[in-house]
Colleague: 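First, the structure itself, so that you have it in front of you.
Reminder, nothing fancy here: chain letters follow the sequence lines and each chain counts from 1.
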Amino acid sequence: MAIYSMLFSLYGPQGWWPLIEYSGDNPTKTGSIRGYHKENYDLPETDNQRFEIMIGAILTQNTAWTSAEKALMNLHDMGALNVLKILEMDEEILKEAIRCAGFLNQKSIYIREIARFFMDLNGRIPTRKQILSVKGVGEETADSILLYAYKQPEFVIDAYTRRLLFHWGLIEEKTKYKDVKVLFESNLPQDVPLFQEYHALIVEHAKRYYQKKPYGLNDPLKVMMDK
DNA sequence: AACCAGGACGTGA
DNA sequence: TCACGTCATGGT
C-alpha cells in the first residue's frame with residue numbers, strides 16, 4: 001500500500017481500461033487517442049464494452065497500446081467492434097484491420113476464439129479457468145479481462161510489474177506468475193478500483209523509468225526501496 | 001541497428 | 001516442469 005500511495009501521488013488516477021466505444025468527455029491521456037475515464041469505476045457498463053476490452057487485451061499482447069488502439073479504431077470505423085460482426089467478418093479483412101498490431105495470423109484466430117467464447121457466455125461472468133481455456137488467453141490476459149471487464153479482484157502481473165519488483169529487490173527475476181500475483185493480493189485489500197489503478201500506475205511508472213536500459217535510472221521510488 | 005511493446009503457444013528436453 | 005524458438009508490426 002505504501003508503494004501504491006507513492007505511485008498514486010505521483011501520477012493520480014489512470015482511467016483504465018480505455019474504451020473506444022465510450023462517449024464520455026473526460027480529458028484524454030496525453031499521446032493517446034481517447035477512451036480513458038479517470039475516476040469512473042462504473043465502466044464498462046455494457047456487454048459490448050466488455051467485449052471491446054477482451055479484444056483489446058488480445059491485441060495488446062506483446063504490443064504497444066498505441067498499436068492495439070489503432071487496430072481497435074479500424075474495427076470501430078468498420079462498425080465491427082462487436083461480437084456478431086467479428087464472427088461474420090471475412091478472416092482476411094479482419095487480418096488487415098489488425099495488421100498494425102502485429103501477430104495478425106495468431107491474433108485473428110484468438111479474436112474469433114474469444115468472440116465465440118463471449119457469445120456462449122450469454123451475459124454471464126466467466127470463471128478464471130473458463131477464460132484460460134480459450135486459445136490465446138494466458139494468465140495476464142485472463143486477469144486483465146476479469147479485473148477490467150468484469151470487475152473481479154484479480155491482480156494483473158505483466159512484464160513491467162516483474163521488471164519493477166525485480167529492480168526494487170522484491171522478487172527474483174523469474175518468480176512464477178502466481179507467486180507475484182499472491183504477493184500483491186495477500187498484501188492488499190481486495191478492492192477492484194485499487195487493483196485497477198495499481199496495475200495501471202505500475203505501467204505508467206515503468207514506461208517512464210523501466211523501458212530502456214539501464215532500467216531504473218533516476219527512478220524516484222528506487223531510492224526509497226533501499227531502506 | 002538493435003531493442004522493446006500492457007504475451008501466448010508449441011516443442012523437446 | 002522448463003528453456004527456447006516463433007509469431008509481425010511500429011517506434012525509439
Colleague: Give a yes/no on whether any side-chain N or O of A/K213 is located under 4.0 angstrom from OP1 or OP2 of B/dA2.
Modeller: no
Colleague: Measure the distance from NZ on A/K207 to P on C/dT12 and round it to the nearest whole Å.
Modeller: 12 Å
Colleague: Heavy-atom nearest nucleotide on DNA chain B for A/E139 versus A/R163: which residue maps closer to 5'?
Modeller: A/R163
Colleague: OP1 or OP2 of B/dC4 versus the side-chain N and O atoms of A/N62: is any pair under 4.0 Å?
Modeller: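 No, outside the criterion.
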Colleague: Say you pick atom P in B/dG10 and the same atom in C/dA8; how far apart are they, in whole Å?
Modeller: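 Those two atoms are separated by 14 Å.
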Colleague: Look at the side-chain N and O atoms of A/Y215 and state whether any lies under 4.0 Å from the OP1 or OP2 oxygen of B/dC4.
Modeller: yes
Colleague: OP1 or OP2 of C/dC2 less than 4.0 angstrom from a side-chain nitrogen or oxygen of A/K174, does that happen here?
Modeller: no
Colleague: In whole angstrom, give me the gap between the P atoms of B/dA1 and C/dC7.
Modeller: 22 Å
Colleague: Under 3.5 Å, is there a donor-acceptor pair linking the side chains of A/H205 and A/D219?
Modeller: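 A/H205 vs A/D219: donor-acceptor pair found between side chains.
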Colleague: Hey, is the side chain of A/Q211 poking within less than 4.0 Å of OP1 or OP2 on B/dG6, counting only N and O atoms?
Modeller: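 Checking B/dG6 against A/Q211, a side-chain N or O does come within under 4.0 Å of OP1 or OP2.
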Colleague: For B/dG6 versus C/dT12, give the span between their P atoms, rounded off to a whole number of Å.
Modeller: 12 Å
Colleague: A/K107 or A/K212: which one's nearest nucleotide on DNA chain C is closer to the 5' end?
Modeller: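 Going by which nucleotide is closer to the 5' end, it is A/K107.
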